[in-house]
Number of protein chains: 2
Amino acid sequence: MTSDDTPMRPSGKHLRTAVADDLRRAIETGELPPGATLPTEPVLMQRYGVSRNTVRNALGDLENAGLIEVRQGRGRQVRRREPVWIYASRSESRARRRPSGVDSWVDDMRSQGRVPRTDIEVAVLHAPVDVSERLNLDNGATVAVRRRIRFADDQPWNMNDSYYPMWLAQEVPAILDPADVTTGLTVHLADRGYAQVYYNDELTARMPTPDEAKALNIGPGVPVMCHMRTGVTKGGKPIRVTVTVMPGDRHRLLYEVPA
Amino acid sequence: MTSDDTPMRPSGKHLRTAVADDLRRAIETGELPPGATLPTEPVLMQRYGVSRNTVRNALGDLENAGLIEVRQGRGRQVRRREPVWIYASRSESRARRRPSGVDSWVDDMRSQGRVPRTDIEVAVLHAPVDVSERLNLDNGATVAVRRRIRFADDQPWNMNDSYYPMWLAQEVPAILDPADVTTGLTVHLADRGYAQVYYNDELTARMPTPDEAKALNIGPGVPVMCHMRTGVTKGGKPIRVTVTVMPGDRHRLLYEVPA
DNA sequence: TAGTGGTCTAGACCACACT
DNA sequence: GTGTGGTCTAGACCACTAG
């Protein structure tokens with residue numbers, strides 16, 4: 001028994017890596033195009049001469065790399081990608097043409113030939129620490145939140161939660177009115193003297209929590225982009241924090257910024 | 001034998017899920033704070049009354065969720081997070097104070113008390129399709145590329161590749177000069193009549209390729225943010241595409257945009 | 001040397017999907 | 001029903017880290 005007597009071991013690599021790499025190559029070269037069904041576990045066991053656990057470990061690596069998706073009883077398929085564009089910041093000329101009273105999700109989706117929908121609910125709760133920091137509130141202060149789940153073609157697409165300090169919700173009762181009037185609400189705030197003059201946007205990428213994965217139907221190996229937007233008034237006072245959680249394989253965020 | 005005779009099975013869930021959820025709870029409540037070492041595999045087998053494979057599957061789920069990291073022979077630890085801020089777009093007043101000749105990476109890192117370094121190399125190659133599309137070039141056209149690996153405190157932190165059309169590299173030879181003069185190069189281009197007046201930024205999140213994971217020392221369960229910036233001249237001509245690949249757990253990207 | 005995690009095997013049984 | 005993937009067990013051996 002030499003140290004390299006097993007079949008299909010290209011170069012000192014482990015069996016699971018060898019199997020995963022061979023399948024990865026097939027996917028990247030288009031030999032297994034998007035949507036194609038992969039060979040079944042027994043076939044792969046035979047082809048590479050390894051045990052079922054090893055095949056499953058290799059396939060698990062590809063799944064966690066976001067390359068394939070699996071449905072019990074139906075096999076594994078090369079993942080399709082069809083991201084949607086989200087405009088986070090447009091040039092002046094284009095931004096101004098947006099009709100008030102319709103939110104940007106509706107705009108963005110319609111322009112891409114998709115059918116938008118938004119489910120919204122409102123609540124009052126203790127602010128998460130991320131939010132209270134950005135709103136200059138004490139830890140544990142209460143805030144009003146408008147939670148949205150946004151759909152495209154009836155599929156849950158992202159989550160978008162807007163937090164307002166409680167004093168503002170009392171001054172502008174529309175905040176706690178569960179009607180889908182995002183841009184309208186912004187105009188409403190401006191009329192009351194709380195116009196947002198700029199936004200501070202923060203972007204991170206991470207893996208979804210189990211709750212997020214369930215609510216947005218996110219499979220293994222798909223991260224989320226997390227977008228936190230703080231709206232600031234002329235006086236420098238933060239009045240809103242909006243947290244958007246977007247599955248990475250379904251979104252492309254766009255900014256148009258001056259050089 | 002009933003269907004639920006195993007210990008520690010809270011609610012119809014699978015064993016691996018029960019184990020993973022219990023450990024996840026401990027991490028989220030701070031019972032296992034960042035940096036803490038998890039119990040060993042034999043201990044967990046005993047505690048939950050499951051086999052080693054099941055313990056390993058549960059721990060693997062936590063690893064792929066980005067919650068823990070593992071080093072052979074040393075055990076598993078709750079992952080620490082210490083992201084760095086990257087300013088993608090600042091307000092006018094702050095942007096203008098930046099000294100020319102020093103790139104933004106150096107600026108951003110020094111202001112956060114870290115020691116920046118940039119390794120750079122230049123090359124001429126066929127443009128990836130993503131790049132040729134954005135530069136309005138034919139598929140397979142050659143481009144000049146400045147590849148950077150950026151370090152913080154001597155750790156590889158992100159990759160930053162700038163692509164220029166070949167005609168521009170011939171007109172502005174500094175593009176193919178491997179010296180770390182990012183902002184200087186921008187000024188240089190402006191002097192030759194190729195000032196960039198705005199950027200189109202596109203952001204996505206995905207899992208790293210094996211190459212990226214190796215080069216940037218990215219562990220399992222950590223996604224990357226991919227930032228593609230297209231620089232456009234006054235005449236609307238794209239002259240540069242910069243692709244930045246940032247491990248999600250080490251970066252926080254900031255934009256300051258007008259409302 | 002002892003203890004950790006890493007890989008691999010073999011086999012049993014369960015859950016789901018198609019036909 | 002047949003075939004797919006999902007879970008779980010038991011055991012062997014290897015590779016790395018620490019004392």
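Sequence lines set the chain letters: A, B, ... in the order given, protein chains first and strands last, and positions in each chain run from 1. Below, all heavy atoms of this structure are taken into account, side chains as well, without hydrogens, waters or symmetry copies.
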Detail all sub-3.5 Å separations between protein N/O atoms and N/O atoms belonging to nucleotides 4-7 of chain C.
from, atom 1, to, atom 2, distance (Å)
C:dG5, OP2, B:E41, N, 3.1
C:dG5, N2, B:Q72, NE2, 3.0
C:dG6, OP2, B:R56, NH1, 3.0
C:dG6, OP2, B:R76, NH2, 3.1
C:dG6, O4', B:Q72, NE2, 2.9
C:dG6, N7, B:R52, NH2, 2.6
C:dG6, O6, B:R52, NH1, 2.9
C:dT7, OP2, A:R16, NH1, 3.2
C:dT7, O4, B:R52, NH1, 3.3

> Would you say A:P33 and A:V78 make side-chain contact, with heavy atoms under 4.5 Å?
Replying inline: no
>> My validator wants the stems of DNA chain C: runs of 3 or more consecutive Watson-Crick or G-U pairs, both distances under 3.5 Å, written as range with range.
In response: C:1-18 with D:1-18
> A:D130: what forms a salt bridge (charged side-chain N to carboxylate O under 4.0 Å, His left out) with it, not counting sequence neighbours?
Replying inline: none
Run the side-chain donor-acceptor check on residues 38-45 of chain B: report pairs under 3.5 Å with partners two or more places apart or on a different chain.
from, atom 1, to, atom 2, distance (Å)
B:E41, OE1, B:R52, NE, 2.6
B:E41, OE1, B:R52, NH2, 3.1
B:E41, OE2, B:R56, NH1, 2.9
B:E41, OE2, B:R76, NH1, 3.2
B:E41, OE2, B:R76, NH2, 3.2

>> For a 4.5 angstrom cut-off between non-hydrogen side-chain atoms, does B:W105 reach B:N160?
In response: no
>> List the residues meeting ring pair (Phe, Tyr, Trp, His ring centres under 6.0 Å) with A:Y163, not counting sequence neighbours, and say none if there are none.
In response: none
> Rounded to the nearest 0.5 Å, how far apart are CZ of A:R25 and CG of A:L32?
Replying inline: 8.5 Å
Between side-chain atoms of residues 209-224 of chain B and protein atoms elsewhere (two or more places apart, or another chain), which donor-acceptor pairs fall under 3.5 Å?
from, atom 1, to, atom 2, distance (Å)
B:T209, OG1, B:E212, N, 3.1
B:E212, OE1, B:R206, NH1, 2.9
B:E212, OE1, B:T209, N, 3.0
B:E212, OE2, B:R206, NH2, 3.0

